> 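The structure follows.
Values in this document were obtained by computation on a predicted structure and should not be read as measured data.
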Amino acid sequence: MTALIASAPILLVIILMIGFNKPAKAVLPVGWLLAAAIALLYWKQAPLTTAAWMADGFLEATGTFTIIFGAILIMNTLKQSGAIVAIQRGFNNINPDRRIQAIIIGFVFGAFLEGAAGFGTPAALCAPLLIGLGFPPLCAALITLIYNTAPVAFGAAGVPTETAIALTSRAAELAGMEADTYSNGVILYTAVGHSVCILFLVFFGVWLMCRLFGPGRRGKDALPALPFAIFTAVVFDFFYLGSAFFFGPEFPSLVGSILTLSVVVPAAKKGFLCPERPWDFSPQEQWDANWLSKVPVKRDCDNGMKAFLAWMPYLLISLILVAARLDWFSLKTLLTGDLFTVRIPNILGLEEVSWKWNWGWCPGILPFILVCVITFFIHRMPGRKVLEAITDTFKQTYGAAIALFFGVSMVYIYRNTGMDAALTGNSMLYEMARAMAGVTHKAYLAVAPAVGALGSFMSGSNTVSNTLFASFQFQTALIVDLSPVLVVALQNIGGAAGNMICVNNVVAVCATTGTAGNEGRIIRTNLLPCLFYCIIAVVVLSLIFY
């Protein structure tokens with residue numbers, strides 16, 4: 001009974017979002033309010049304690065939101081300056097084969113955009129590029145969603161993985177784990193799980209394209225592209241895993257994709273491992289009416305910008321991240337010091353509740369917002385373009401801000417209801433985890449990535465999924481005697497896989513491609529690949545770990 005009452009806010013959120021199609025920004029404040037009411041009225045926690053943890057949760061969300069804002073501002077700045085069109089123009093003459101174009105643009109370039117910005121930008125930017133090359137709009141939407149999975153856990157300079165670690169690191173220390181060992185374990189298992197899935201994912205995207213949109217709808221038409229797909233997957237995995245092992249969560253998607261582009265683009269231009277006969281879609285007059293855009297799609301600004309100048313902001317982002325994370329010129333020491341740190345001790349007078357933010361170490365500020373300011377000048381953007389980029393960013397992040405702040409605050413209530421509570425010494429989170437453990441036992445390992453995928457489906461974000469469920473996953477793993485490192489990594493992987501079916505991303509890419517009305521069709525098509533992705537991750541990581 002206690003576990004059921006504790007789970008009521010989460011169940012309410014799921015019902016409202018899935019059953020009634022309500023957005024996260026409207027639902028999570030309701031879940032937050034119900035969680036607070038249960039903590040006060042059923043757990044009988046001291047009101048001041050509940051309020052302190054709620055405030056701590058709101059403050060903790062500041063860093064993550066700053067990254068989201070900075071990442072989206074980068075995207076809008078480059079769209080308004082004309083850089084995005086200049087970057088896209090460089091892909092036009094790589095290889096005439098649509099299968100090769102889908103791999104390079106949909107997967108590798110999409111991974112780069114995910115690493116640099118995240119939060120739905122790859123599908124929003126890659127899909128129009130594929131349409132411009134001659135892809136059916138619905139095909140472009142579907143392919144970019146499927147490919148935007150493996151890079152997601154390390155997207156926006158690693159914010160989803162950093163969020164999962166930040167919300168569980170305190171519990172890991174209480175469980176006797178060293179902080180660095182725990183965080184490195186989550187990063188590496190996440191990277192390994194995704195890297196194995198990538199070996200299947202790259203070719204699967206091509207196969208699905210041929211099966212659903214090719215002449216004759218024949219999946220076997222994808223087979224000539226298999227060598228190049230495997231080549232791309234192996235090259236990407238090499239850089240992706242290397243970045244994760246040696247540098248941390250900020251780099252696998254960003255640096256891995258840059259280095260992969262430097263290898264596979266010249267290879268495709270020379271025809272290395274490419275099919276001898278280029279493959280193309282049927283003439284447009286033979287396309288299904290559902291494949292086409294139903295409304296005009298707004299074109300990005302094109303002012304003839306040179307490619308090097310267009311890529312400069314991304315190069316600066318990469319350089320600043322590498323310099324800071326590798327502590328060149330003692331940058332890490334400086335940025336994590338007191339000069340770049342904000343502290344609020346003893347929130348509402350409680351010694352146990354304090355907040356600290358190293359704002360200088362936050363990628364949202366350094367490098368994202370800093371590089372945006374530099375870009376305003378080097379791209380010679382007029383004031384109205386700068387204002388439009390900033391205004392669009394506030395509009396796009398408003399909903400995410402509400403969902404994130406209330407979501408993190410709700411999680412803090414769940415985690416800390418055992419303090420100053422008359423009902424029990426256990427938190428709401430622990431009671432839920434204990435009930436789940438009693439039902440699943442060791443089989444919970446197979447459930448973990450599905451929980452992550454459900455979180456992304458509900459909220460539209462791997463980051464929010466980790467915010468909602470990472471602590472729950474950690475606690476459940478301890479109770480059923482599974483490795484919390486493994487289970488949290490599976491949560492992270494499942495949250496990334498859920499991006500291909502999450503409502504927010506699907507609606508956004510359909511709006512971008514003008515194919516609104518196909519949302520249900522896309523979700524149904526992508527549901528099976530999402531489940532297979534989760535299954536592969538469970539099997540591979542279980543074999544490696546045990």
> Output a table of donor-acceptor pairs, distance under 3.5 Å, between side-chain atoms of residues 475-482 and any protein atom two or more places apart or on a different chain; print 'none' if there are none.
from, atom 1, to, atom 2, distance (Å)
Thr476, OG1, Phe472, O, 2.8

> Does Thr163 reach the side chain of Leu167, with side-chain heavy atoms less than 4.5 Å apart?
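SC-SC contact between Thr163 and Leu167 confirmed.
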
> Just by distance, no angles: are the side chains of Thr417 and Gln45 close enough, under 3.5 Å, to form a donor-acceptor pair?
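Note: Thr417 and Gln45 side chains miss the donor-acceptor criterion.
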
> Using every non-hydrogen atom in the two residues, find where Pro345 and Ser354 come nearest and quote the distance to one decimal.
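Of all heavy-atom pairs spanning Pro345 and Ser354, the closest is CA-OG, 3.6 Å.
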
> Strictly by modelled atom types, are Thr336 and Trp361 linked by a side-chain donor-acceptor pair under 3.5 Å?
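Looking only at side-chain atoms, Trp361 and Thr336 do not form any donor-acceptor pair under 3.5 Å.
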
> Using the side chain to side chain contact (heavy atoms under 4.5 Å, CB included) rule, pick out the option among Thr149, Asn462, Leu541, Val488 that qualifies with Ile493.
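So, applying the side chain to side chain contact (heavy atoms under 4.5 Å, CB included) to Ile493 and each of Thr149, Asn462, Leu541, Val488, only Leu541 qualifies.
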
> If you round to the nearest 0.5 Å, how far is CE of Met500 from CD1 of Ile143?
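Ile143 atom CD1 to Met500 atom CE measures 10.5 Å (nearest 0.5 Å).
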
> Please find the pair of heavy atoms, one from Asn466 and one from Thr161, that lie closest to each other, and give the distance.
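In terms of heavy atoms, the two residues are closest at ND2-N, 4.4 Å.
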
> Kindly give the heavy-atom pair with the smallest separation between Ala244 and Ile187, and that separation in Å.
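Shortest heavy-atom contact: O-CG2, 4.0 Å.
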
> With rounding to the nearest 0.5 Å, note down the distance linking SG in Cys372 to CD1 in Ile317.
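CD1 of Ile317 is found 7.0 Å from SG of Cys372.
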
> Can you label the angle between the Phe474 ring and the Tyr182 ring as parallel, tilted or perpendicular, going by 30° and 60°?
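Perpendicular: the ring planes of Phe474 and Tyr182 meet at over 60°.
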
> Phe154 and ring pair (Phe, Tyr, Trp, His ring centres under 6.0 Å): which single residue from Phe239, Phe247, Phe251, Tyr240 fits?
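With Phe154 as partner, Phe239, Phe247, Phe251, Tyr240 yield a single ring pair (Phe, Tyr, Trp, His ring centres under 6.0 Å), made by Tyr240.
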
> Can you find a pair of side-chain heavy atoms, one from Val27 and one from Ile14, that are under 4.5 Å apart?
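The answer is no, as the side chains (C-beta and beyond) never meet within the 4.5 Å cut-off.
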
> Tell me the closest heavy-atom pair linking Leu59 and Ile347, and the distance in Å.
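Result for this residue pair: CD1-CD1, 3.9 Å.
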
> Using a 3.5 Å distance criterion without hydrogens, assess whether the side chain of Ser456 forms a donor-acceptor pair with backbone atoms of Gly495.
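The answer is yes, because a donor-acceptor pair under 3.5 Å joins these two groups.
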
> Regarding Glu431 and Ser7, do their side chains bring together a donor and an acceptor under 3.5 Å, going by distance alone?
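No donor-acceptor contact under 3.5 Å links the two side chains.
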
> Only one of Phe107, Tyr314, Phe236 passes ring pair (Phe, Tyr, Trp, His ring centres under 6.0 Å) with Phe112; say which it is.
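So, applying the ring pair (Phe, Tyr, Trp, His ring centres under 6.0 Å) to Phe112 and each of Phe107, Tyr314, Phe236, only Tyr314 qualifies.
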
> Might you confirm whether atom CZ of Phe200 has over 12 heavy atoms from other residues, nucleotides or ligands at distances under 6.0 Å?
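No, not enclosed.
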
> Answer yes or no: is there a donor N or O on one side and an acceptor on the other, between the side chain of Tyr533 and the main chain of Gly494, under 3.5 Å?
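Pair absent, no side-chain N/O of Tyr533 close to backbone of Gly494.
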
> Is there a side-chain contact between Pro9 and Tyr414 (heavy atoms, below 4.5 Å)?
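Of all side-chain heavy-atom pairs linking Tyr414 with Pro9, at least one is under 4.5 Å.
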
> Look at the side chain of Thr341 and the backbone N and O of Gly337, then say whether any donor-acceptor pair between them is shorter than 3.5 Å.
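Side chain of Thr341 to backbone of Gly337, a donor-acceptor pair under 3.5 Å: yes, one is there.
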
> Is there a donor-acceptor pair closer than 3.5 Å between any side-chain N or O of Thr467 and the backbone N or O of Val408?
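Here the side-chain-to-backbone pair does not exist.
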
> Closest approach of Ser253 and Gly115, non-hydrogen atoms and distance?
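Distance-wise, the nearest heavy atoms are CB-CA, 3.7 Å.
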
> In Å and rounded to the nearest 0.5 Å, what is the CZ to CG distance from Arg343 to Asn358?
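Reported to 0.5 Å precision, the distance equals 7.5 Å.
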
> With rounding to the nearest 0.5 angstrom, report the CG to CG distance, Asn526 to Leu145.
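That separation rounds to 6.0 Å.
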
> For a quick test of reading the model, state the closest non-hydrogen atom pair linking Ala39 to Trp43 and the distance between them.
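What the structure gives for the nearest pair is O-CB, 3.3 Å.
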
> Which is it for Phe406 and Met410 under the side-chain contact (heavy atoms from CB on, under 4.5 Å) test, yes or no, and what are the steps along the way?
CA-CA 6 Å; Phe406 280 97; Met410 184 173 75; over 6 Å; no

> Can you confirm whether the side chains of Asn416 and Glu352 place a donor and an acceptor under 3.5 Å from each other?
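Absent: no donor and acceptor within the cut-off.
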
> Please walk me through it: do Phe204 and Phe532 pass ring-ring contact (aromatic ring centres under 6.0 Å, His included)?
CA-CA 11 Å; Phe204 176 80; Phe532 278 135; 8.1 Å; no

> Starting from the C-alpha separation in whole Å, work towards a yes-or-no answer on side-chain hydrogen bond (donor to acceptor under 3.5 Å, both in side chains) for Thr64 and Glu162.
CA-CA 9 Å; Thr64 303; Glu162 293 278 24; over 6 Å; no

> Output yes when Glu173 and Arg170 qualify as a salt bridge under the 4.0 Å nitrogen-oxygen rule, no when they do not.
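Salt bridge absent between Glu173 and Arg170.
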
> If we only count heavy atoms from C-beta on, is the Arg415 to Ser427 side-chain gap below 4.5 Å?
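No, side chains not in contact.
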
> Please step through side-chain contact (heavy atoms from CB on, under 4.5 Å) for the pair Cys197 and Leu201, ending with a clear verdict.
CA-CA 6 Å; Cys197 292; Leu201 179 72; 5.5 Å; no

> Just how far is it from atom CD1 of Ile146 to atom CD1 of Ile501, taken to the nearest 0.5 Å?
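The CD1 atom of Ile146 sits 11.5 Å away from the CD1 atom of Ile501.
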
> Within the distance-only criterion (no hydrogens, no angle test), does the side chain of Gln473 pair as donor or acceptor with the backbone N or O of Ala448 below 3.5 angstrom?
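Here the side-chain-to-backbone pair exists.
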
> To the nearest 0.5 Å, how far apart are CG in Asn499 and OG in Ser461?
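It comes to 7.0 Å.
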
